[in-house]
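For reference, the structure is listed below as structure tokens.
This one's a predicted model, so the numbers in the text were calculated from it and none came from an experiment. A note on names: the letters A, B, ... follow the listed sequences, proteins ahead of strands, and every chain is numbered from 1.
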Number of protein chains: 2
Amino acid sequence: MKLADTVAPIRPATAAFDVDALAPHLPTTRRRLRTGQHLYRAGQAFHALYFVHAGFLRTSLVADDGREQVTGFPMRGDLVGCDAIGAGAHIGDAIALDTCEIVELAYPAVLDACRGVPALHGMLAEAMGAELRRDRARLLALATLSAEQRVAWFLRGLARRQRALGYSAHHLCLRMSRVDIGNYLALKHETVTRALSHLDADGVIAVERREVRIPCVERLDAAAGAGAAVASRAA
Amino acid sequence: MKLADTVAPIRPATAAFDVDALAPHLPTTRRRLRTGQHLYRAGQAFHALYFVHAGFLRTSLVADDGREQVTGFPMRGDLVGCDAIGAGAHIGDAIALDTCEIVELAYPAVLDACRGVPALHGMLAEAMGAELRRDRARLLALATLSAEQRVAWFLRGLARRQRALGYSAHHLCLRMSRVDIGNYLALKHETVTRALSHLDADGVIAVERREVRIPCVERLDAAAGAGAAVASRAA
DNA sequence: GCGCGTTGTTACCGACTGTTACCGGACGTT
DNA sequence: AACGTCCGGTAACAGTCGGTAACAACGCGC
């Protein structure tokens, strides 16, 4: 049975990591997570990468003193856990924001599987390269953008990913709390609220709790300011 | 001829990437860069990774509108250019801060070389994983630390890497300008100067232009605050 | 020597964001 | 229904950092 037969296959342009092509060469297991369940926790032994087949997660880096930095919100088509390769243990948590379908790829077995198939050869390295580019685009955004621009940049990124998966880019459902968004963007949750309210007042978006409507994507691009430029290339 | 015969070999604990073990299986070329010369520029076709055998560089991410974000200061033992894997072209500049000895590793040939030798199998993935962890530790530092703590955290990281390479951790020579440090830490150069002056006034360090003495590493750790905790694990 | 550009330092002011506080609503538990 | 908790929104206040400016130190070419 193919991995992606319950829903439409993920288009190559969307997924850096083609788990369907890999599956025949690697024994994979599927896991189902419910909201709030952990995929892994900081300190747990690292023995597998995880491919998100459906659902949304939140990944974080956890410091020794308990401080937490949200590193991303993986969704369908994303590969999770790469930052533990070479470390032996996971350096942060991964928690489900809603019901998730996860494909578990044993490490280092996944290396052998890629090795055996020329077409899959650089796939893992390319997926990790893409993750490096995303991290650095975010660093640039955090370093150069104001609070309001960062929030617009964040919404813009979510909308683009939704659109890449075939959904509408004009309506978002934020699975994460204001605190999570703030942690991701190096802001406090009050500031996130302020920025969302202001963008709403300006007519750029329409916010109601965790529902966001984006009438005009171009206006959101403009609100994200100059930082928008690099995201399109690095995404 | 071995690659590392002009100076002492790099200890395995220091270098995530063991270029000496790889060399017999891959035709490598050496390049020499002088201060100010570019190793690559944003937009150039990506066809090789670069291993720093000696010298210091500055890598950056360049946005479409020309804004630049410094992403790191690679030194002896570091692998440069990984963030271009899968992108086709380099996403930023790499410039020499002094005379550099660079080993050029053709891509994707380096994948084949690793594939042929079991011992080198996950080496590239592990080096990239380490880079991901460094990026995320930096994100945590930028998100949680004050300006002065960030500067202390930066100096502390430099000192640790110097010590790992066998040099003294009590004396640093900053190859990069205040502007570069500020860009790396998401601060303005005046703020970097202020932080350095304040740390000097407190007796934590002694600064004179680009020379920094660190009489007591523990005091620098303390000045870096809580953010110091994660760096040791993620570095 | 001299002028000039670059880099580094310090001071002052103001804007942005963090801090604190309080309130309301949604949700689950007893 | 009553209660507590979590999440979200708003407001007043305070602190940090950026913006600007002026100046000093150094390197460079003439």
**OP:** Verify, without hydrogens or angle tests, whether Asp200(A) (side chain) and Val207(A) (backbone) share a donor-acceptor contact under 3.5 angstrom.
**Re:** yes
**OP:** Using modelled atom types only, decide if a donor and an acceptor are shared between the side chain of Asp93(B) and the backbone of Val62(B) within a distance under 3.5 Å.
**Re:** no
Subject >> 4.5 Å side-chain heavy-atom contact, Ile85(B) and Leu49(B) >> reply: yes
**OP:** Measure the acute angle between the ring planes of Phe73(B) and Phe154(B), then classify it against the limits of 30° and 60° as parallel, tilted or perpendicular.
**Re:** perpendicular
**OP:** Using atom types as modelled and distance alone, determine if a side-chain donor or acceptor of Arg58(B) lies under 3.5 Å from a backbone N or O of Ile95(B).
**Re:** no
**OP:** Give the rounded distance in Å between these two atoms: CE of Met176(B) and C1' of dT6(C).
**Re:** 18 Å
**OP:** Send over the distance from Leu174(B) CG to dG8(C) C1', rounded to a whole Å.
**Re:** 12 Å
**OP:** Measure from NZ or CZ of Arg138(A) to the centre of the six-membered ring of Tyr184(A), then state whether that distance is under 6.0 Å and the direction lies within 45° of the axis.
**Re:** yes
Subject >> Phosphate OP1/OP2 of dG8(D) contacted by Arg210(A) side-chain N/O (<4.0 Å) >> reply: yes
Original post:
Just how far, in rounded Å, is P of dG18(C) from CZ of Arg150(A)?
Top reply: 7 Å
Original post:
Side chains of Arg161(A) and Asp78(A): does their closest heavy-atom pair fall under 4.5 Å?
Top reply: yes
Original post:
Quick one: Ile181(A) CD1 to dG8(D) C1', roughly how many Å, whole number?
Top reply: 11 Å
Original post:
Over how many whole Å does the gap from Leu145(A) atom CG to dG18(D) atom P extend?
Top reply: 14 Å
Original post:
Any side-chain N or O of Arg178(A) less than 4.0 Å from the OP1 or OP2 oxygen of dG9(D)?
Top reply: yes
**OP:** Please list, by residue number, the residues of residues 185-193 of chain B whose heavy atoms come closer than 4.0 Å to an atom of DNA chain D; answer none if no residue qualifies.
**Re:** Ala186(B), Leu187(B), Lys188(B), Glu190(B), Thr191(B)
**OP:** Could you check Val207(A) against Arg194(A) and say which one's nearest nucleotide on DNA chain D is further toward the 5' end?
**Re:** Val207(A)
Original post:
What is the distance, rounded to the nearest whole Å, between atom CD of Glu148(A) and atom P of dA15(C)?
Top reply: 17 Å
**OP:** Answer yes or no: is there an ion pair linking Glu104(B) with Arg30(B), defined by an N-O contact shorter than 4.0 Å?
**Re:** no
Subject >> For atom CG of Asp180(B) and atom C1' of dG8(C), their distance in whole Å >> reply: 13 Å
**OP:** Write down the distance between CZ (Arg209(A)) and C1' (dG25(C)), rounded to a whole number of angstrom.
**Re:** 7 Å
**OP:** Report yes if at least one side-chain N or O of Ser177(B) is closer than 4.0 Å to OP1 or OP2 of dT6(C); otherwise report no.
**Re:** no
Subject >> Option among Arg31(B), Arg32(B), Arg34(B) that satisfies the salt bridge (charged side-chain N to carboxylate O under 4.0 Å, His left out) test with Glu101(B) >> reply: Arg32(B)
**OP:** Using five pairs at either end of the helix from dG1(C)-dC30(D) to dT30(C)-dA1(D), determine the angle between the two local helix axes and round it to 10 degrees.
**Re:** 40°
